[in-house]
Amino acid sequence: MEININHISFQYPNGYPALRDVHLNIPSEQHIALIGHNGCGKTTLARCIKGLLHPTNGEILLDGKSIRNEKISSLAHKVGFVFQHPDDQIFHQTVYQEVAFGPKNLGMSGEVQVEKIKEALALTGLENEKTTHPYDLSLSARKRIAIASTLAMDTDIIIFDEPTAGMDHKELTLMKVIFQELRNKKKTIITISHDMDLVLEQSDQLAIMAAGQIVKVGDPVILFRDMEENFSEMVAPQMVRLSQRVLKNNKTAKTVDQFVDFLIQ
Amino acid sequence: MSTPPIIQLDEVHFTYSGGSHSALSAITLSIQPGEIIGIIGANGAGKSTLCYLLAGLIPSFFNGNFSGTATINDKEIANIDANKLPYLVGLVLQNSRLQLSHMCNTVYEEVAFGLENLGVPREIMLKKIDQALKMTGISHMAERSPYTLSGGEQQRLAIASILAMDSPVLIFDEPTSLLDPVGRREVLSVIMNLSKSGHTIIIAENHLEWIAEYTDRVVALEAGKILVQGDPKEIMSLPEIQSSGIGWTRFTQASALYLEKTKSGSPNRLPITLEQAIHFFQTEQGNHGN
Ligand SMILES: Nc1ncnc2c1ncn2[C@@H]1O[C@H](COP(=O)(O)OP(=O)(O)OP(=O)(O)O)[C@@H](O)[C@H]1O
Ligand SMILES: [Mg+2]
C-alpha cells in the first residue's frame, strides 16, 4: 500500500511544533527507515500515519485516499503500529490473549485468527509463553509481544518504532527473519530506529529527520557513505566504516556477507 | 593491585522467589575504584540481576534466596540502610519509565528529587542539577513535563537524575538503548569520563562495539555464571562469546567469514574493534597479494 505524506505539520497542545511541513512518498512494498536525533519527530509522524494524531496542516493518503476522515477502527485494517514502549500497548493477562486481541477486533474468522496468531507467536519466539503473564517477561520479550500482536493483524502497512532497542543477538536474528517474511508478503514497512547497522542492512530507502522536518531521503548506502565526518566515529554503521577503510573504489558493503564478497572478488 | 577493591563479590548465588533456576550463580568478582566494567550477556543471562544486587535492591526490592557475600567499601550491601545507599551507589534502570518518581511536574524537579532527599546544601544541589541536565543534553527542556518527553528524552532524564546524585559507584543497565547514535556517543563519553574523577562505572550493554572500545574490563555472563572476563579488546571475539548468544561485532563476523571463505588458517585472535579489523584485513590482503 502506497503512503503519501503531503506537507503535514503538527503541534502538540503546549504549542510545540513537532512536525513542520513533512513531505514524503513511500511506494508500496518498500521498507523505509526513519532516523534522526531524539525528539526530532519520528514517533509523532508515526502516530499521524496510524491516525492517533491529526496533522494541523496537510494530509496523509493511503493508496491515494485521505485518512483525514477515516475512523481509527477502519484504519486499523491497514496500518499496524509497534509502539516504542511496549507497555503502551499491552493490556491482557496472557501473551496469547494479548496477541489474539487485534485479529479478533478486526473481525477475522476463527480459523484465520488462530492461524495468524500461531504464525506471529512463532516468528517472535513466543510459542512457549502463550499462558505467561506479559509482565512476568522481560522488557525485550514484551517488545516481542507487541510485535507479535501487530504481525497477527496482517495489515498492509506496518510501522515499527525502535523494534530492536534492548534486544540481544538472538532477538535481532528473529527480527531479521520477520523483516524478510514481511518482504515476502509484500508489506510496506516503516522502521524507526537508532540502530544504524540494522537500518543499513534492512531498508530500501532512508529518510533522515531533523527538528520536525525530513532533511534527506535516499539510498541508505549512499546517504551513510556521504554523511559528514562528525557522524562517522562509532556512529555510522560498522560495515560503512570498515568498507571505507578497507575496500577500494569507494565500494560500500551493506552486510557482512557483501563485505567479504567485495573483498575476495 | 594494591588498593583494596570497592566492590567484592564472593560465591554469590541468587534465586528469585518463585524462580525455578538461579539468576546468579557462583559469582566471584572484585572491582577496583575508578574501573570501568562492562557487563555483557544474552537477555536472561543475569545482567540486570547483577545490577540490582550491586545497587542494593536485593533483597529489599527483589526477594529471593541469597548466599555468598557482596560488599561495597567492605560493607555488606544488603545491610546498608536504604537512605545511605545513594552515598555509595546509583543505578540507572533499563526501563527508564520506572525511574520516574511520579511526584514531579517538571524535568528539573525530577532531577532535583533524589538530591533533595539526600539533604545536599542548596548551592551544591543547584550546581549538580545543572551539570546533570547538561551532560545528558536536556537543559533546554528543564521546565517540560516528564510525561510528554520522547523515548530518548525520557531515557536522558533517567540518566540525569542518577548522575545528579553523584554516587561514587554508578551502575547503568542498558542506558542508551533509546538514544540516537550521536547522543549515545556524547552521553557515554560523559559517563566514561566520570571514572577520571574517581567514580567506578559498571555498565550493562548489548552494544558490543561500545563495550569493546570504552571499558577497561568486560564480564560476560551466561545463565547466571561468569562465562569469561578480561580485556574486552582481547576476549570479545572468543567462540564462546558468540555461542552463548552474546554475538560478535560485525568486524569479528566479517573476519571469521573471510577466513572461512578463503580457507585461510585462523589467526590467534579475530579482530573486535574497527582498528583491529583494518589491521587484520590489511595483513590478510598483503599475504594474498591482492
Ligand atoms: N505530548 C507532548 N506534548 C508536548 N511535546 C511533546 C509531546 N510528545 C512529544 N513532544 C515533543 O515533540 C518532539 C518530538 O517527539 P517525538 O516523540 O516524535 O520524537 P522522536 O523523534 O520519536 O524521538 P526519540 O528518538 O527520542 O523517540 C520532542 O521534542 C518531544 O519532546
Ligand atoms: Mg520516538
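Treat the numbers as computed from the prediction; the structure is a model and nothing was measured. A, B, ... follow the sequence lines: proteins, then strands. Residue 1 opens every chain.
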Which pair of non-hydrogen atoms, one from [X] and one from [Y], has the smallest distance, and what is that distance?
X	Y	answer
B/Tyr258	A/Val260	CA-CG1, 3.8 Å
A/Arg241	B/Phe251	NH1-CZ, 4.3 Å
B/Pro181	A/Met196	CG-CE, 3.6 Å

Please flag which part of [X] lies under 4.5 Å from any non-hydrogen atom of chain A: side chain, backbone, both or neither.
X	answer
B/Thr249	both
B/Tyr214	side chain
B/Glu213	side chain
B/Gln242	side chain
B/Ile246	backbone
B/Ser177	both
B/Glu275	side chain

> When only pairs under 4.5 Å are counted, which of B/Gly137, B/Gly183, B/Gly151, B/Ala277 shares the most heavy-atom pairs with chain A?
Replying inline: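 Counting heavy-atom pairs under 4.5 Å, the top option is B/Gly151.
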Under 4.5 Å, counting heavy-atom pairs only, tell me which of B/Gln253, B/Glu209, B/Arg184 racks up the most with chain A.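 Option with the top pair count is B/Glu209.
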Which of the residues [options] is involved in the greatest number of heavy-atom pairs with chain B at under 4.5 angstrom?
options	result
A/Ala18, A/Gly36, A/Ala253, A/Gly166	A/Gly166
A/Thr164, A/Asp88, A/Thr255	A/Asp88
A/Met239, A/Lys42, A/Lys170, A/His85	A/His85

Take atom [atom1] in [X]; do more than 12 heavy atoms of anything else shown fall under 6.0 Å from it?
X	atom1	result
A/Lys130	NZ	no
A/His133	NE2	yes
A/Lys251	NZ	yes
B/Lys134	NZ	no
B/Phe61	CZ	no

Which bit of [X] is near chain B, if near means a heavy-atom gap under 4.5 Å: side chain, backbone, both or neither?
X	result
A/Val256	both
A/Leu139	side chain
A/Glu201	side chain
A/Asp161	neither
A/Gln84	side chain

Hey, what do you get for [atom1] ([X]) to [atom2] ([Y]), rounding to the nearest 0.5 Å?
X	Y	atom1	atom2	value
B/Leu178	A/His194	CG	NE2	6.5 Å
B/Thr252	A/Gln238	OG1	CD	8.5 Å
A/Asp87	B/Leu98	CG	CG	8.0 Å
B/Ser150	A/His37	OG	NE2	12.5 Å
A/Leu263	B/Lys261	CG	NZ	11.0 Å
A/Phe259	B/Arg250	CZ	CZ	13.5 Å

*Do the side chain of B/Asp180 and the main chain of A/Asn38 share a donor and acceptor less than 3.5 angstrom apart?*
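Yes.
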Side chains of [X] and [Y]: closer than 4.5 Å at any heavy-atom pair?
X	Y	value
B/Phe281	A/Leu242	yes
A/Arg142	B/Asn95	yes
A/Ile264	B/Glu284	no

Donor + acceptor pair across side chains of A/Asp195, B/His207 (<3.5 Å):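 No pair is found: no donor N or O on one side chain lies under 3.5 Å from an acceptor on the other.
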Between the side chains of B/Asn43 and A/Ser138, is a donor N or O closer than 3.5 angstrom to an acceptor N or O?
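No.
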Discussion item. Between B/Asn206 and A/Leu172, does the side chain to side chain contact (heavy atoms under 4.5 Å, CB included) criterion hold? Intermediate values first, please.
Written reply: CA-CA 11 Å; B/Asn206 278 326; A/Leu172 275 170; over 6 Å; no
